[in-house]
Amino acid sequence: MANVKAGIPLSTAGTELAWAVETTKGTMPTSARFIPDIISMPDMSAEPEKIDVTDLSCLKYKKFIQGLIDLSGASSYSANLTALLYEEWNKLYAAYETAKKSGLQTWFFIATPGLPTVAFPGEPGTLPVPGKEVNQQNKINLSITVSGEPQWTDDDITITYPQSSDGGL
């Protein structure tokens, strides 16, 4: 029997989503702002499309090569809708719009304790107007379109934390 060591499972507790705008075109920032109240993040492990390259000489099986990876499903982030989230998302979107005019990208970071940080350039959607139900928590789905390859990084990303304009969190 092989001597296999089991890894120590990690919790999602303490995971943070943050954003930053490039200051130098094409260079990932190393400091970012925390996006508060995120409760779920999408999976970014999409499989590449399979391109059929079967030719007439094949008798039993089709042949495939890997195509492009479609991360369009990796765009919906759920959050508790709070005044702080509302303020921070609007700051993020305004910074994104300004950066875009200058040819700079907005970067997003997913920091999970015990793992390297995941970094990717992306485009945030405008803040949507969520539905409401009687006696329910106020939730919202935020959109971030992945515009570059997500990558694991060991770079130290300094995250700053916003405070609501009324002084409370």
Kindly state each residue pair satisfying salt bridge (charged side-chain N to carboxylate O under 4.0 Å, His left out) with at least one member in residues 139-164, sequence neighbours excluded. none
Can T27 and E22 be said to form a side-chain contact (heavy atoms from CB on, under 4.5 Å), step by step? CA-CA 6 Å; T27 303; E22 293 176 336; 5.7 Å; no
Has T54 got a side-chain atom pairing as donor or acceptor with K63's backbone, closer than 3.5 angstrom? yes
If I compare all heavy atoms of S31 with all of A20, which pair ends up nearest, and what's the gap? O-CB, 3.1 Å
Single-linkage hydrophobic cluster M28~L17, side-chain heavy atoms < 4.5 angstrom: no
A side-chain contact here means heavy atoms from C-beta on lying under 4.5 Å apart; do V21 and P29 qualify? no
Are F34 and Y93 joined in one hydrophobic group, where the rule is that I, L, V, M, F, W and Y side chains link up if heavy atoms are under 4.5 Å apart? no
Minimum heavy-atom distance S75-P42, with the two atoms named: N-CG, 4.0 Å
Does CD in Q136 sit with more than 12 non-hydrogen atoms of other residues, nucleotides or ligands closer than 6.0 Å? yes
When rounded to the nearest 0.5 Å, the distance separating OH of Y96 from CD of Q105 is 10.0 Å
Any heavy-atom pair between the side chains of P162 and E87 that's under 4.5 Å? no
Under 30°, 30 to 60°, or over 60°: which ring-plane class applies to F120 and F108, parallel, tilted or perpendicular? parallel
Kindly say whether P48 contributes a backbone atom to a donor-acceptor pair with the side chain of K50 at under 3.5 angstrom? yes
E16 vs I159 side-chain heavy atoms within contact, under 4.5 Å: yes
Taking all heavy atoms of N138 and all of G131, pick out the closest pair and write down the distance. OD1-O, 4.5 Å
Does L92 reach the side chain of R33, with side-chain heavy atoms less than 4.5 Å apart? no
Might you point out which heavy atoms bring P150 and V118 nearest each other, and give the distance in Å? CB-CG1, 4.3 Å
More than 12 non-hydrogen atoms from neighbouring residues, nucleotides or ligands closer than 6.0 Å to NZ on K132, yes or no? yes
Validation row: W19, I35 side chains within 4.5 angstrom (heavy atoms): yes
Any side-chain heavy-atom pair of I140 and V129 under 4.5 Å: no
Distance, nearest 0.5 Å, that separates CD of E97 from CD of E123: 9.5 Å
Closest heavy-atom contact between G67 and I51? CA-CD1, 3.6 Å
If Ile, Leu, Val, Met, Phe, Trp and Tyr residues are connected whenever their side-chain heavy atoms lie under 4.5 Å apart, and connections chain through other members, are V53 and L68 in the same group? no
Please check if L127 and I38 belong to a single hydrophobic cluster, counting links between Ile, Leu, Val, Met, Phe, Trp and Tyr side chain heavy atoms closer than 4.5 Å. yes
Go through it in stages, so that I can follow the logic: the residues are L104 and T98, the test is side-chain contact (heavy atoms from CB on, under 4.5 Å), and I'd like the CA-CA distance, side-chain angles, deciding distance and then a yes or no. CA-CA 9 Å; L104 300 173; T98 300; over 6 Å; no
Classify the ring geometry of W107 against F109: parallel below 30°, tilted from 30° to 60°, perpendicular beyond 60°. parallel
Any side-chain heavy atom of T106 sitting closer than 4.5 Å to one from P121? no
Mind checking whether L10 and I110 sit in one hydrophobic cluster, side chains of I, L, V, M, F, W, Y counted as touching below 4.5 Å? yes
Hydrogens and angles aside, do S78 and S40 bring a side-chain donor and acceptor to less than 3.5 Å of each other? yes
What distance do I144 atom CD1 and M41 atom CE have between them, rounded to the nearest 0.5 Å? 8.5 Å
To check you understand the geometry: which heavy-atom pair defines the closest contact between A119 and T153, and what is its length? CB-CG2, 4.2 Å
State whether a side-chain donor-acceptor pair under 3.5 Å links T112 with T15. yes
Say you draw a straight line from CG of L84 to CH2 of W89; how long is it, rounded to the nearest 0.5 Å? 13.5 Å
So, do L71 and I69 sit near enough that their side-chain heavy atoms are less than 4.5 Å apart? yes
